[in-house]
Amino acid sequence: MRNKKIMEYNFSEIEKKWQAYWKKNKTFKTFNPNEAGFQSSPSYKNGGKPFYVLDMFPYPSGAGLHVGHPLGYIASDIFSRYKRLKGFNVLHPMGYDSFGLPAEQYAIQTGQHPRITTETNIARYREQLDKLGFSFDWDREVRTSDPSYYKWTQWIFIQLFNSWYNPITDKAEPIDTLIDKFQNSTIGFQSEGSEKTFDQLTENEKSDILLNYRLAYLSDTMVNWCPQLGTVLANEEVKEGLSERGGYPVERKLMKQWSLRITAYANRLLNDLEGIDWTESIKEAQRNWIGKSEGTSLRFLINSSNPTNGKNESEDSEKMFVEVFTTRPDTIFGVSFITLAPEHELVGALTSIAQKDAVEEYVAFAKNRSERERMADVKNISGVFTGSFAIHPFTKNKVPVWIGDYVLAGYGTGVVMAVPAHDSRDFAFANYFGIEKKIIIQPPAQKNELLDLGKSSEWNFEEKSFDDKEGLLINSDFLDGLQVKAAIKKIISIIEERGLGKRRTNFRLRDAVFGRQRYWGEPIPVYYENGIPKVLPESELPLLLPEVDKYLPTETGEPPLARAKDWKKIISGQTPPLPYEHSTMPGWAGSSWYFLRYMDANNNSEFISKEAANYWQNIDLYIGGAEHATGHLLYLRFWTKFLNDLGLIPVTEPAKKLINQGMIQGVSAFVYRVEKNIFISKNRIDSNLSEEEKILTGLKSDVANCTPVHVDVNIVKNNVLDIEAFKNWREEYKDAVFITEENGSYICGAEVEKMSKSKWNVVSPDLMVENYGADCLRLYEMFLGPLEQSKPWNTSGISGVSNFMRKLWRLYKPFVEINNGAIDIGKSIVAEQTEATKAELKTLHKTIKKIAQDIENFSFNTSVSSFMICVNELTELKCNKRDILEPLAILVSPYAPHIAEELWSILGHTESISYAAFPICDESFLIESSFNYPISFNGKTRFFHEYDRALSVNDVEKQVLSLDQTHKYLEGKAPKKIIVVQNKIVNIVI
RNA sequence: GCGGAUGUGGCGUAAUGGCAGCCGCGCCAGACUUAGGAUCUGGUGCCGAGAGGCGUGGGGGUUCGAGUCCCUUCAUCCGCACCA
């Protein structure tokens, strides 16, 4: 008894089956060349050149993944699977950025160890990731919080500490080479008026001097201090004066802190952007952040007859000077005052007795203003006169010295030469305090007209400064008559000649503060001996994160690590034990080099072997969010360059190509609360209530105002609220009353917002996988639109893709044979011998071409629609040929791997489809013998006519002109011109 | 203020300078149904009964021909922002 039974597309069974298969067979295990198994791996057999596809690894938060997270992972997975089919040895790993603030904040609240919550969250992430069918090699997983990983993060820190940046060779070198130079006096070192040689210095003095050069160093710096988080923050962790995490106020504070000398790399970080294929917006953001500007320093002597406050009376005040930095030295003759930042060290010395009180009051005021206040208050001008005068280096005139908080202490020299006529900030300041403006540039005529249309052709310097870098110099002595650019050139050489200053390049980029006064991070591998910071020997790594009783600062304000008992460095034969550094590393430490660790994830003796580094080089394709533009991506490049300088890795950039996937936003739903438990439907808000409704709700009058309240999007479908589900949603809504539309439904409001738990608009991938399958979700996420674009999630569109999945499945006509009650494995009714028709081959090869192109261009959305077209056409053609369906399964497999594996096996294959060969497009199937020309008149298409593709331009023209329809549209007129583009279009101009 | 991105049907979107709206969602009609938030078939940019006209944020330009190239302007989103 034999029986054929058609199989339905049971995605959940299929997906489970193949996920288990991949896991059991380690289908996606990637081998390094020196590893056993490399030569028998399918990649190697396929000719395997290395290719590295990386996702920015996630921070495992307690909320789990929402549908937005996998977007980039799906894209990278498609690309990885495609590259495997193309015969590459693909490295496609995943891991967790598992140190960080949220776990610690949670620990503070609950007392639970962050390690525990982190592990729980990772398990949940893993489960969610596994359900989506990604082809990660999990044997290479990294976790930044794992001691076997952070051992090497600490090791790299030690290398940074033991290195300095040699400006001559323009790279990092071991600190010993610097000590050598000091000892041989090849170069001098910064020291305060001491005449000692380097070897004559005390150990303390040596340490202090070397800290000025080490790439990881301890120093007193102005830091962003966040009292609520109890830690310092790096610049990019502060947004508009508030902490990025949590949104707490941030203050400026002088603290002894660990920093990394990223500024040494500013130029290279800037220049090397040219060579990498990253989006222009990210490169631009980095250029901005680095903020290179070229100009000159210039000294202004202080007038020696200044009445000073007495403090510095005894010192040689004749030698006192302030140094400014300017990018516009050409405006030197327009200087009418000098402004110091309130924090400038010479403020005290420059203040006259008469101005002492006013200055002190102002400095105190400026100091107490938070960063946020200062930023919010940009429009308000404040400042104070010091009572001192500087001497103009060329005119020898007296120039008043002011203090103003529009000058930033941290940029340039903290002093500006103010040219109010040609700088809008100086202009505002001068206007406010009534300081004179000296006009020294004649704006070009056309600019004059722009400002004062109709009034006069002169620039109105009463209203606005002229800031542009163009125009003619006037009232400027030897610069008169020069154009701005020529003037800059000339004045710089004069300044340098006379020793008044030097050509100088300034960067906005600041050194990165590297210590955090928090628990859940890598301990900095440093101990203190007589107050001198020393790094641990490599043999003592990892320096394990100790246990503490609470994750809070100590009573004395020490970081949590100070609570650890007996956590001290013991040196044999020496007592007492020495204290360790109590700060930990910032969140970005582990992520600054993780891409390297994946290459050799289980190496216990090195952070990465030379062979692995040389084989994999750097990331070929890196996918992640654009929010890391100036943080992670800059540090990643910095560490890569540093490790390259030390000769540890062969590359100077971490990623050849970077793609930023767009954010998937949530569509929040709102109900409108009238009173406590009465809700009005959206379209009824401005309408009148019926008598019935008034009685029902107990409202006396019509609704005047109502409050929108977020409602869980999972109980809203097409803006219609599931009223019963709403009542059950929360206890408080049990007795809710609704003013509905006429048809009795309740319509919710909708708004696109960030997907977040608090807005109740989170759509979980788990639910989508359950209802539609992972393949369907993968395809749908790609179908939404271009990868890089942000877009709101809309679940209702998924049905189209779901229909497609079933249509694809049916094309293969899978069935099972029931043989005397025993069920065989699935088979397909395919025509083995019959040759495919021309039409079928055309459809297939057109799709092959399109899919390959799309993947290479990261245009995954258009691929999905090509698949739909292909399946629609093949269904129409009733195609059941193996020659067509087999390549189609391979084409689909990067996008929808589970169904592809199943169909592949139904077609009789016993090996995974993952290492099949990507089909090759045969162009000959695409070429038609004729072309249907659109015939247009004055650019408007009127009709079509088919001609042989080989027909010459002249013949097409002749034949078109003889057509009846042509005469109809010519209306008896003679055509002025006829354009024929072969196999494209005919355009007749009348 | 500076920089980046984006503007196309009711919605998501597609179009090497050559037929605008492919593929979907939604909607409309029909078929099968006791029923449909199932399935299948057809239709669907706008105006117009129709012929036809108008249409890619607005204005201008280059071109035989512009969603696409150039100039200008507006709107939205994102990043940076007193950086001398």
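Each chain gets a letter, A, B and so on, in the order its sequence line appears, and its residues count up from 1.
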Can you tell me the pairing partner of [N] across any strand shown, Watson-Crick or G-U wobble, with both distances under 3.5 angstrom?
N     : answer
B/U6  : B/A75
B/U41 : B/A29
B/U62 : none
B/G1  : B/C80

Minimum-distance nucleotide (side-chain atoms of [X] versus [options]):
X      : options             : value
A/F783 : B/G52, B/A14, B/C23 : B/C23
A/A285 : B/G18, B/G79, B/U39 : B/G79
A/N872 : B/G79, B/C23, B/G3  : B/C23
A/I985 : B/A84, B/C19, B/G24 : B/C19
A/S293 : B/A84, B/C54, B/C64 : B/A84
A/P786 : B/A84, B/A81, B/A14 : B/A14
A/Y406 : B/C82, B/A15, B/C64 : B/C82
A/E284 : B/G3, B/C82, B/C23  : B/G3
A/L408 : B/A14, B/A84, B/C80 : B/A84
A/M868 : B/A84, B/G24, B/A15 : B/G24

SB check [X] [Y] (cutoff 4.0 Å):
X      : Y      : result
A/R287 : A/E280 : yes
A/R503 : A/E294 : no
A/K842 : A/E873 : no

Return no unless some side-chain N or O of [X] is found under 4.0 Å from OP1 or OP2 of [N].
X      : N     : value
A/N987 : B/C19 : no
A/N938 : B/C64 : no
A/R508 : B/A81 : yes
A/K977 : B/C64 : yes
A/R806 : B/A38 : no
A/N794 : B/G24 : no

Judged by whether its glycosidic angle lies within 90° of 0, B/G9 is syn
If you measure only the distance, is there a donor-acceptor pair under 3.5 Å linking the side chains of [X] and [Y]?
X      : Y      : value
A/T413 : A/E323 : no
A/T263 : A/D511 : yes
A/K807 : A/N872 : yes

Contact class for [X] (heavy atom, under 4.0 Å): base, sugar-phosphate, or nothing?
X      : answer
A/E627 : nothing
A/D426 : nothing
A/R942 : sugar-phosphate
A/F804 : nothing
A/E280 : nothing
A/R510 : nothing
A/F867 : nothing
A/N932 : nothing
A/S799 : sugar-phosphate
A/V981 : base

Identify, between A/S859 and A/P792, the residue whose nearest nucleotide on RNA chain B lies closer to the 5' end. A/P792
Specify the residue among A/G785 and A/V801 whose closest nucleotide of RNA chain B lies further upstream toward the 5′ end. A/G785
For A/F860 and A/Y895, take the angle between the two ring planes, folded into 0 to 90°, and tell me which bin it lands in: parallel under 30, tilted 30 to 60, perpendicular over 60. perpendicular
Would the base of B/C80 count as contacting A/N288 through its side chain, where contact means a donor and an acceptor less than 3.5 Å apart?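 Between B/C80 and A/N288, which were checked side chain against base, a qualifying N/O pair under 3.5 Å is absent.
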